[in-house]
Amino acid sequence: MEIELEEVERQLRSAKGVPSADKLIKYLRLVRDLHIRDSPTVARYGNILLRHYRSHLSEEELWTVHEQVAVAALDSHALQFAASAIRAINRRFPDSNRARRLQGMYFEAAGDYGRAEEIYRDILALEPANEAALKRLVALERSRGNLHAAVEALRKYLDVFANDKEGWEELAELYLEALNYRQAAFCYEELLMHAPGNSSYYIRYADILYTLGGAANCKTARSYYAKAVELTAGGSLRALFGILACSAHITDKVALQDARSRAQIELPEVTTKALLRIYKQHAPDKLPFVEPILAKLSGHGL
Amino acid sequence: MVACTVDQGALLKVLAHAAKFPSNSVNGVLIGSCAEGGIVEVQDAIPLCHTTLSLAPALEIGLAQVESYTNIAGSLEIVGYYQSDARFGPGDLSPLGRKIADKVSEHQSNAVVLVLDNKRLEQFCKAQADNPFELFNKDGAKGWKRAGSAEAAESDAKLQVKGGDWKKLREEFFTMFKQLKHRTLYDFEEHLDDAAKDWLNKNFSSTAKFLLPGNAL
């Protein structure tokens, strides 16, 4: 689907005059499905679609596009344009919380955080578990620069919506910004439970443990990097470098008779070979920079 | 206080990095040379991270590769660090940024830090201000301090554009942005996710000079 998106984007860019309706519709659909965030482009093409081709859209898609374009316009700080889209949505759906949330987002984008908060709290007064309003409160605190308040608000949200993976990812991000690595690690432990096949979660978790430091954390991190290598069939530079970085910090004496310990000794060697292979194939110009690092990292430890 | 000149191409790369990831905090290292009088000459910027600045592995491996590069290139060294915050706020160096800057300054005691001030960047884009960057120097044990006083005019004197000027930088930035060229700039994290992506960005800036083994200048 990403390739389709690239293709239709290319076609839109090279179009002479006004691009065709079906290409615009396709572009906006792909962006929605892939959760891509390219707001200026979405705002531009969405604007053309709504101005010239309203009749091409079903009632449902028309308003989905309005919402998509409103959010993109807010993200691009095109406030006037956003306001007109939001007004149209509110006229069509006068009693909708979903529409009111867009009003709140408008005030957020305009920097009027007080007014935005009022709107969200009004929604929550009548509907205490309104997902969107709860999430906007987190975003609000982030914009205000109140990391701790954002964390608290997001924890409250996750108490109710514990299966929201993106919520846990965002909470981890907040903890990392606050340099609270232990809590960030806990978030990734949650994520790994939810999605045990996701290699990037293993890598992130290992990254956090490595950053925390200490031999015990490095040992655990190494095993998570190793799992990520398995899941990515040896193709992940992050995981491979991670193994070497961890091994360099683990300086236990190892009994050579033990098969598992022998594997530990061989691990840096095997990892180094894998890295060299990848660089030879995809980035040979970087080999002179990488070779001294690999020599240094695998020369340490065991 | 250390004075600092920065190659226009290097500044363009920093702006491109920030423009490519507008909702993220980004960072990178500055390479160049440090003259006898303590004037730091920044010749190039190497973008490092954009997903999170708080994790050690990408930063460590990135710094190590850049160090290898400067060792091989010979006349270059790591002379500084840059950071751009996701939030629309004044250009301050966050506690994490200070820690990373400390690590970078192990390479060069006169290391400089450039922080992109987003509010000034807005003015820069509207041609209401010249320099969107805040320059920091290390004041011994006191840590990182803004160069000069709080007045923009003073800090302008400390940070100078080489090979161009702020107006030319603005024009180049707009051209680059319109052509979506900032999307062809790759940082070290993107290289980690796809080895073929070149964190040296050899094809990005025509004004940058590279010294690779076997290549003539």
Side-chain angles (χ1 to χ4, degrees), chain A residues 9 13 37-41 75-77 111 142-145 172-173 175-181 184 200 203-204 206-213 221 225 235-242 244-246 248 275 278-294 296-297, chain B residues 19-25 46 49 51-73 85-90 92 94-96 99 122 125 177-180 183 186 188-200 202 210 212-215:
Chain A
E9 254 191 286
R13 268 202 303 273
R37 185 177 181 176
D38 182 5
S39 299
T41 315
D75 203 22
S76 320
H77 211 71
R142 262 197 114 158
S143 298
R144 277 169 163 155
E173 226 180 273
Y175 278 131
L176 285 177
E177 214 186 304
L179 305 184
N180 189 337
Y181 295 101
S200 58
I203 293 172
R204 260 296 149 96
D207 282 347
I208 295 171
L209 292 178
Y210 176 82
T211 310
L212 270 167
Y225 282 130
S236 162
L237 286 183
R238 289 181 192 263
L240 293 168
F241 274 124
L244 287 183
C246 289
L275 277 165
I278 294 177
Y279 272 93
K280 272 201 188 93
Q281 190 181 359
H282 298 284
D285 63 310
K286 305 278 179 332
L287 271 174
F289 313 143
V290 170
E291 275 159 350
I293 299 172
L294 296 181
K296 194 164 161 216
L297 285 177
Chain B
K20 186 173 183 180
F21 303 107
S23 26
N24 297 39
S25 296
I46 311 279
C49 300
T51 61
T52 175
L53 311 188
S54 322
L55 293 175
L59 191 67
E60 278 179 20
I61 307 285
L63 272 175
Q65 281 206 32
V66 175
E67 206 186 341
S68 288
Y69 164 65
T70 58
N71 287 340
I72 291 171
D85 204 48
R87 240 193 312 278
F88 183 71
D92 195 17
S94 60
L96 172 66
K99 275 208 195 120
E122 189 182 27
C125 290
F177 195 82
K178 267 195 225 133
Q179 296 171 349
L180 299 181
R183 295 192 181 176
Y186 298 115
F188 191 75
E189 275 201 281
E190 292 182 282
H191 165 77
L192 285 177
D193 293 328
D194 179 354
K197 294 198 168 138
D198 179 18
W199 50 262
L200 269 175
K202 290 189 282 295
F210 294 99
L212 290 173
N215 287 18

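Computation of the quantities below employed the complete heavy-atom set of this structure, encompassing side-chain atoms and omitting hydrogens, waters and symmetry-equivalent molecules.
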After noting the C-alpha distance and the side-chain angles of B/L55 and A/Y181, does the key distance pass the side chain to side chain contact (heavy atoms under 4.5 Å, CB included) rule? CA-CA 9 Å; B/L55 293 175; A/Y181 295 101; 4.3 Å; yes

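- Ranked by non-hydrogen atom pairs under 4.5 Å with chain B, the options A/E291, A/K286, A/E173, A/H282 are led by A/K286.
- Residue contact with chain B, scored on non-hydrogen atoms closer than 4.5 Å, is absent for A/Y175.
- Ring orientation note: the planes of A/F289 and B/W199 are tilted relative to one another, at an angle of 30° to 60°.
- At a 4.5 Å heavy-atom cutoff, the contact between A/D38 and chain B is made by side-chain atoms alone.
- Judged as a side chain to side chain donor-acceptor pair (under 3.5 Å), and not counting sequence neighbours, the contacts of A/R204 are B/T51.
- B/K99 contributes atom NZ, which lies 5.0 Å from atom CG of A/L179 (distance to the nearest 0.5 angstrom).
- Interface remark: B/E60 contributes side-chain atoms only to the contact with chain A (heavy atom separation under 4.5 Å).
- Of all non-hydrogen atoms in B/P57 and A/D207, the two that sit nearest each other are CG-OD1, 3.2 Å.
- Inter-residue side-chain proximity for B/Q65 and A/F241 is flagged as met; some heavy-atom pair is nearer than 4.5 Å.
- Using a distance-only test at 3.5 Å, with no hydrogens or angles considered, no donor-acceptor pair links the side chain of B/S68 to the main chain of A/V290.
- In this structure, B/F177 and A/P40 have side chains that are not in contact, with every pair of non-hydrogen atoms separated by 4.5 Å or more.
- A donor-acceptor contact shorter than 3.5 Å links the side chain of B/R87 to the backbone of A/R142.
- A/S76 does not touch chain B: none of its heavy atoms, backbone or side chain, sits under 4.5 Å away.
- A/Q281 pairs by the side-chain contact (heavy atoms from CB on, under 4.5 Å) definition with nothing, not counting sequence neighbours.
- A/L237 pairs in a side-chain contact (heavy atoms from CB on, under 4.5 Å) with only one of the listed residues (B/L192, B/D193, B/I61), which is B/L192.
- Contacts of A/I208 with chain B are made by both backbone and side-chain atoms, with heavy-atom separations under 4.5 Å.
- The part of A/S143 that comes within reach of chain B is its backbone (N, CA, C, O), which places non-hydrogen atoms under 4.5 angstrom from that chain.
- Contact of A/E177 with chain B is made through backbone and side chain together, with heavy-atom distances under 4.5 Å.
- Heavy atoms of B/N71 lying under 4.5 Å from chain A are absent altogether.
- A/T211 and B/A56 get closest at one heavy-atom pair: OG1-N, 3.0 Å.
- Looking at B/L59, neither its backbone nor its side chain comes within 4.5 Å of chain A, counting heavy atoms on both sides.
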